[in-house]
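These numbers were taken from a predicted model, which means no experiment stands behind them.
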Amino acid sequence: MHHKTFVAAAVGLGLVTLSACGSTDTKGATDSRTVTLVSHDSWAVSKDVLKAFEKQSGYKVRVLKDGDAGQAVNKAILTKDNPQGDVFFGVDNTLLSRALDNGLFQPYEAKGLGTVGAEYQLDRDKHRVTPVDHGDICVNYDKAWFSEHRLTPPKSFADLAKPAYKNLLVTENAATSSPGLGFLLGSAARFGDEGWQGYWKKLKANGVKVVDGWEQAYYQEFSGSSEGRKAGGDRPLVVSYASSPPAEVIYAKKRPGTAPTGVSYGTCFRQIEFAGLLSNAKNTKGGKAFIDFLVSKRFQEDMPLNMFVYPVAKGAAVPADFTKYGPAAKDPETMAPGRIAANRDQWVRSWTSLVLK
């Protein structure tokens, strides 16, 4: 499942060795016929789709995966004067201001950008980044558990603090996890600068459990996932994604008629991922061609079942399983990148002091 183990930028700037996928030719980074993509570990594309791009463009694609999104962004910033590649994919709206403020990208207006919804173009004046996908960080619930206990699943942020849901929610650390950070930002968007801390005091008093990352929360603590059931997870509420229920269906050994998990759509925060042409990229022409590819209809339609995210291009078809089991939120919480930039680090510090100590 897509980008579930991202680490937020609030984590220290630790360096991690890049892992290479695809071509291992040491000349790849300087070969004018090779485009090097730097990304988080969840980058995925169908082989035939990538080969079609390589045949059409004449460029060979080399992929360097650099762990979670926070680590990848931080390392890209540290190496921006001598970048590891030409294009970076995976910076999201929670980390965007950090990347832009540090001059990580050079401007490029992608061909086909006119098909991308205006709501996703958060840098539309300068075109330093190009929107590629979006998703929603939301609380998921275990349908069977709530049916057995004859309890209505929570519908909103406020519901989660009610006594009926005491000791039922597990979330990720906002300082070490992208979904954890997104959930914090969603609560700040919902309750405001002055109200979110009071909300988290209520959640803490109501027994919210905090773990380091998504994999632990979803695969070990959450009773509704196939892995969580095997692990004896006892929390029927988890901070995950709106696209998690389709994944539970698609990857089930025996495909169920309905998704075993549901989404509390009143708890969602919109996440948008971008790609950008790295400053000092060695192959700018190839990098531009690759960014054009990322917003092309073929890639946009291939992406959902590979990375479990939604396309940003108008007219790109969404798989039927997404429409049936995990449609995108209609009215998610959002936050302007400038507001995130101004408050993110202080909010994470305050959250850590309030919730973890």
Single hit among W200, W196, Y199, W347 for ring-ring contact (aromatic ring centres under 6.0 Å, His included) with F191
Y199
So which atom in [X] and which in [Y] form the shortest heavy-atom distance, rounded to 0.1 Å?
| X | Y | answer |
| --- | --- | --- |
| Q84 | L64 | O-CD1, 3.6 Å |
| A174 | L184 | CB-CD2, 3.8 Å |
| A275 | V87 | CB-CG1, 4.4 Å |
| A289 | Y59 | CB-CE1, 4.1 Å |
| A110 | I291 | CB-CG2, 3.8 Å |
| G233 | S223 | O-CB, 3.2 Å |

Tell me, yes or no, whether the heavy-atom count around [X] atom [atom1], taken from other residues, nucleotides or ligands under 6.0 Å, exceeds 12.
| X | atom1 | answer |
| --- | --- | --- |
| Q346 | CD | yes |
| K126 | NZ | no |
| D101 | CG | yes |
| R190 | CZ | no |
| K166 | NZ | yes |
| K297 | NZ | no |

A side-chain contact here means heavy atoms from C-beta on lying under 4.5 Å apart; do [X] and [Y] qualify?
| X | Y | answer |
| --- | --- | --- |
| V208 | R235 | no |
| V263 | C268 | yes |
| N173 | V211 | no |
| F290 | T36 | no |

Steps toward side chain to side chain contact (heavy atoms under 4.5 Å, CB included) verdict (S243, D136):
CA-CA 8 Å; S243 56; D136 297 307; over 6 Å; no
With distance as the sole test, does [X] use its side chain to make a donor-acceptor pair with the main-chain N or O of [Y] at under 3.5 Å?
| X | Y | value |
| --- | --- | --- |
| S264 | N140 | no |
| D92 | I272 | no |
| R128 | G276 | no |
| D142 | L237 | no |
| N93 | R270 | yes |
| S225 | G228 | yes |
| Q197 | L354 | no |
| Q300 | V132 | yes |
| N283 | T34 | yes |
| R344 | A341 | no |

Go through the steps for R339 and D193 under the test side chain to side chain contact (heavy atoms under 4.5 Å, CB included), then give the verdict.
CA-CA 10 Å; R339 187 180 173 202; D193 294 356; 2.7 Å; yes
Can you tell me how far the [atom1] atom of [X] sits from the [atom2] atom of [Y], to the nearest 0.5 Å?
| X | Y | atom1 | atom2 | answer |
| --- | --- | --- | --- | --- |
| E119 | R124 | CD | CZ | 8.5 Å |
| S39 | E273 | OG | CD | 7.5 Å |
| E172 | L181 | CD | CG | 11.0 Å |
| N306 | F299 | CG | CZ | 8.0 Å |
| F308 | S42 | CZ | OG | 11.5 Å |
| L104 | F88 | CG | CZ | 7.0 Å |

Run the salt bridge (charged side-chain N to carboxylate O under 4.0 Å, His left out) check on K55 and D48 step by step: do they pass?
CA-CA 10 Å; K55 182 177 180 180; D48 62 324; over 6 Å; no
Centroid separation under 6.0 Å, is that true for the rings of [Y] and [X]?
| X | Y | answer |
| --- | --- | --- |
| F274 | F89 | no |
| Y120 | H134 | yes |
| W214 | F183 | no |

Path from [X] to [Y] over hydrophobic side-chain contacts below 4.5 Å:
| X | Y | answer |
| --- | --- | --- |
| V249 | Y241 | no |
| Y265 | V318 | no |
| F293 | V61 | yes |
| L96 | L278 | yes |
| L95 | V312 | yes |

Salt bridge present between [X] and [Y] (N-O < 4.0 angstrom):
| X | Y | result |
| --- | --- | --- |
| K209 | E221 | yes |
| R62 | D86 | no |
| D41 | K65 | no |

Below 30° counts as parallel, above 60° as perpendicular, anything between as tilted: where do the rings of W145 and H149 land?
parallel
With sequence neighbours left out, what residues match R255 under salt bridge (charged side-chain N to carboxylate O under 4.0 Å, His left out)?
D321
Quick one: do Q271 and S178 satisfy side-chain hydrogen bond (donor to acceptor under 3.5 Å, both in side chains)? Show the steps, please.
CA-CA 10 Å; Q271 187 178 48; S178 182; 3.0 Å; yes
Steps toward side chain to side chain contact (heavy atoms under 4.5 Å, CB included) verdict (R98, N74)
CA-CA 9 Å; R98 176 166 291 181; N74 286 332; 3.9 Å; yes
Step by step, would you call F53 with V45 a side chain to side chain contact (heavy atoms under 4.5 Å, CB included)?
CA-CA 11 Å; F53 164 75; V45 61; over 6 Å; no
